[in-house]
Amino acid sequence: MPSPAVVQEIDSLRERLDSWNYQYYVLDQPTVPDAEYDRCLRRLVELEREYPALLRPDSPTQRVGAAPLERFRQVTHEVPMLSLDNAFNEQDMLDFNRRLQDRLGDGEAPLEFACEPKLDGIAVSLLYRGGVLERAATRGDGSTGEDITHNVRTIPSVPLRLRGEGYPQVLEVRGEIYLPRAGFEQINARARAQGEKMFVNPRNAAAGSLRQLDARITATRPLEMCCYGVGLVSGGDLPAQHSAVLARLQQWGLRINAESLVVQGIEACDEYYQRLAARRDALPYDIDGIVFKVNDLALQQRLGFVSRAPRWAIARKFPAQEEMTRLLDVEFQVGRTGAITPVARLEPVFVGGVTVSNATLHNSDEIERLGVRLGDVVVVRRAGDVIPQVVSVVLERRPPDARPIVFPASCPVCASPLERAEDEAVVRCMGGLVCAAQQKAAIRHFASRRAMDIEGLGDKLVEQLVDEGLVANVAGLYHLQREQLLALERLGEKSADKLLAALERSKHTTLPRFIFALGIREVGEATALALARHFGSWEALAGASEEQLLAVSDVGPVVADHLRQFFDSPSSLAVVAQLREVGVSWPDLELAGAADLPLAGQIWVVTGKLEQLGRDDATAQLQALGARVAGSVSARTTCVVAGPGAGSKLGKAVELGIEVIDEGALLALLARHGMAP
DNA sequence: CTACCTCGAGCTCA
DNA sequence: CTCGAGGTAG
């Protein structure tokens with residue numbers, strides 16, 4: 001039984017260590033020598049070992065890294081983690097400001113903005129319950145991420161317990177986990193010394209560190225966390241301004257960015273941007289832009305969101321980084337639809353934090369526009385997650401032997417003729433399913449997770465199967481024999497059996513998956529689902545007329561045409577027949593009855609300003625009732641919803657004698673069909 | 001588009 | 001030990 005003196009000593013040690021941690025990591029003011037800190041930590045470890053009953057999960061000793069995990073658990077963000085709209089120049093910023101003032105309608109007085117650098121790291125969410133760190137998660141797709149609590153616990157600037165008081169019972173803090181440049185140098189120096197693989201940039205090093213199953217490895221990486229906002233908050237109140245919320249977070253022991261500043265008006269935002277851009281290289285961490293947020297939370301609430309980003313914030317990105325390199329070769333790739341894409345093979349060059357060796361040249365127009373030749377020195381641009389681009393040619397450095405790039409006259413894979421559709425920039429191989437490149441792409445797509453989900457059928461295997469002549473179309477997959485597979489390189493008994501089992505499993509599928517898997521042009525996951533729901537069975541879909549196809553929401557003339565082409569092609573239908581023959585099957589869908597989709601087949605147009613619903617919501621709700629919402633009025637339009645400020649569309653509707661209703665009538669109609677206002 | 005982690009399997013060599 | 005596949009991140 002520990003004596004009260006021991007309990008008191010443990011408490012006192014923890015308090016001191018927490019406080020020093022706070023001073024050091026959150027306030028950036030070291031207060032005690034490292035030796036003193038270490039001495040106290042060792043003493044605490046010793047006492048906790050002696051009295052395990054006194055061990056707490058939020059003790060400063062509990063950061064070293066727990067035993068390895070089996071796998072990452074999925075977590076759901078109750079408040080989704082959104083992304084930010086981007087601005088690339090001062091004009092974008094002025095547009096942003098204009099949108100804010102128009103929407104708020106409070107006049108032209110300068111708005112107050114909270115500014116801070118956008119750290120280049122990994123976005124995470126920390127959940128504190130009763131002030132104790134309960135869970136840390138990655139952003140993931142915004143609604144679900146991965147549980148990385150075990151790794152985040154090892155980061156010294158993340159408090160395991162909030163300091164002080166007054167924090168809400170449940171507080172979700174959001175921020176960026178990143179590796180300061182010095183830390184990056186340090187772990188790379190260590191890796192070099194031990195002959196291990198080095199990281200290419202701090203962001204990837206941070207991401208890699210957080211993806212460790214073994215937190216003991218994470219603990220050796222000097223990661224930091226910087227907070228920039230909150231998510232879920234309950235059982236307590238926060239201040240009414242963003243900047244004040246951040247200040248409060250800092251009091252509670254969370255690190256916030258030292259450069260954070262509140263300014264008045266959009267011009268001051270530009271000054272802040274210019275000032276920080278000038279200091280960018282001198283900062284101890286990488287940043288890829290500046291974030292500006294409307295500081296007043298009440299205004300934020302009035303502004304709301306557009307699909308996946310708040311209207312009240314914007315990230316102004318720094319100009320993309322550019323480097324020069326040499327164009328070694330141009331390869332012409334053939335895609336799933338036969339589209340021929342020229343891809344530049346470049347002398348590898350380090351730009352924007354990664355080594356770029358490939359860049360798409362899009363099409364022949366682009367090659368012409370650039371006037372680029374093989375062997376040319378070119379400028380390559382890359383910004384953050386943006387796909388690298390060939391920007392221009394350095395003509396002064398053109399070698400005398402630079403050769404023009406010849407666009408192939410026939411398909412580089414199957415030699416079939418090429419065709420360029422009217423008003424399209426892309427050139428396509430007309431070989432269709434006889435083209436090995438298109439066969440491979442079709443099979444890859446068919447096997448992919450969102451389609452038939454055939455595990456173990458990766459790119460390399462598809463390559464082998466087609467090259468060996470074992471499979472020429474997706475139906476051929478189901479005729480593969482075990483012996484044929486075993487004859488392939490690097491494919492043993494286990495892999496073969498696994499693949500065969502996966503193929504067998506994939507035979508039981510669903511109609512939307514199957515439609516999507518066929519790879520019909522312009523028919524993605526969403527369209528496939530809409531088609532399946534609308535027709536309910538393959539037969540109904542395959543037999544549908546152009547007009548019937550057009551009645552499906554999201555299906556326009558282009559998609560309808562591609563669908564008809566597929567159903568009119570004997571070879572395509574033959575593949576489908578073969579698939580069904582080998583046992584690919586799915587349950588037919590319950591047809592969405594007239595009661596479920598009262599507006600099915602109707603075409604609506606929304607124009608003018610909708611005061612209560614907003615155009616986006618109105619569109620979504622109409623679509624949910626089965627209507628197709630079009631952008632312009634035509635003779636086929638069923639009904640027009642017109643709000644104040646409606647212009648030519650309203651005029652056209654009246655001209656054509658189409659029914660016009662106002663927002664009130666729309667709300668009544670939605671209410672009649674059980675839609676929430 | 002690039003980079004990173006993890007896993008299982010296959011290959012290689014002792 | 002190396003490779004391929006499958007997943008993540010920005």
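Lettering of chains follows the sequences in order, A, B, ..., and the numbering in each one begins at 1.
Listed pair A/Arg139 / C/dT8 fails the phosphate criterion, with no side-chain N or O lying under 4.0 Å from OP1 or OP2. Between A/Thr138 and C/dT8 there is no side-chain N or O to OP1 or OP2 distance below 4.0 Å.
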Going through the distances and angles, do A/Arg428 and A/Arg420 end up as a side-chain contact (heavy atoms from CB on, under 4.5 Å)? CA-CA 6 Å; A/Arg428 289 199 152 80; A/Arg420 181 169 174 168; over 6 Å; no

Could you go through A/Thr218 and A/Gln212, starting from their C-alpha distance and side-chain angles, then the distance that decides it, and tell me whether this counts as side chain to side chain donor-acceptor pair (under 3.5 Å)? CA-CA 7 Å; A/Thr218 313; A/Gln212 296 289 339; 5.8 Å; no

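Heavy-atom nearest nucleotides on DNA chain B were determined for A/Ala205 and for A/Lys498, and the one closer to the 5' end corresponds to A/Ala205.
Note on A/Asp459 versus A/Lys440: no salt bridge recorded, every NZ/NE/NH1/NH2 to OD/OE distance being 4.0 Å or above.
Looking at residues 341-371 of chain A, you'll see A/Val354, A/Thr355, A/Val356, A/Ser357, A/Asn358 sit with a heavy atom under 4.0 Å from some atom of DNA chain B. Within residues 456-481 of chain A, the residues approaching DNA chain C are A/Gly456, A/Leu457, A/Gly458, A/Asp459, A/Lys460, A/Leu461, by heavy-atom distance under 4.0 Å.
Counting non-hydrogen atoms of other residues, nucleotides and ligands closer than 6.0 Å to CD of A/Glu78 gives a total of 12 or fewer. Counting heavy atoms of neighbouring residues, nucleotides and ligands inside a 6.0 Å radius, atom CE of A/Met324 does not exceed 12 of them.
Counting any heavy atom pair closer than 4.0 Å across all strands shown, A/Arg71 reaches no nucleic acid atom. As judged by a 4.0 angstrom heavy-atom cut-off over every strand, A/Phe72 is placed among residues making no nucleic acid contact. Backbone-only contact: A/Glu493 has heavy atoms under 4.0 Å from sugar-phosphate atoms and none from a base.
When the C1' atom of C/dC3 is taken as reference, atom CG of A/Leu488 falls 15 Å away, rounded to whole Å. A straight line from NZ of A/Lys197 to P of B/dT6 spans 12 Å, rounded to a whole angstrom. Following rounding to the nearest Å, A/Arg490 (CZ) and C/dC3 (C1') show an atom-to-atom distance of 4 Å. When rounded to the nearest whole Å, the span between CG of A/Leu210 and P of C/dG10 equals 10 Å. Per the geometry, CZ belonging to A/Arg203 stands 7 Å off P belonging to C/dG10, to the nearest Å. In this structure, A/Asp214 places its CG atom 9 Å from P of B/dT6, rounding to the nearest Å. Rounded to an integer number of Å, the gap from CG of A/Asp286 to P of C/dG10 is 15 Å.
Under a 3.5 Å cut-off, the side chain of A/Arg326 and the backbone N or O of A/Glu347 do not form any donor-acceptor pair. Between the side chain of A/Arg345 and the backbone N or O of A/Val330 there is no donor-acceptor pair closer than 3.5 Å.
Residue A/Phe199 places its side chain closer to B/dC4 than to any other of C/dG10, B/dA9, B/dC4. In this structure, the nucleotide among B/dA3, B/dG10, C/dG10 sitting nearest to the side chain of A/Asp120 is C/dG10.
The closest side-chain donor-acceptor pair between A/Ser209 and A/Arg221 falls under 3.5 angstrom.
When each of A/Asp270, A/Asp92, A/Asp85 is checked for a salt bridge (charged side-chain N to carboxylate O under 4.0 Å, His left out) with A/Arg316, only A/Asp270 meets the rule.
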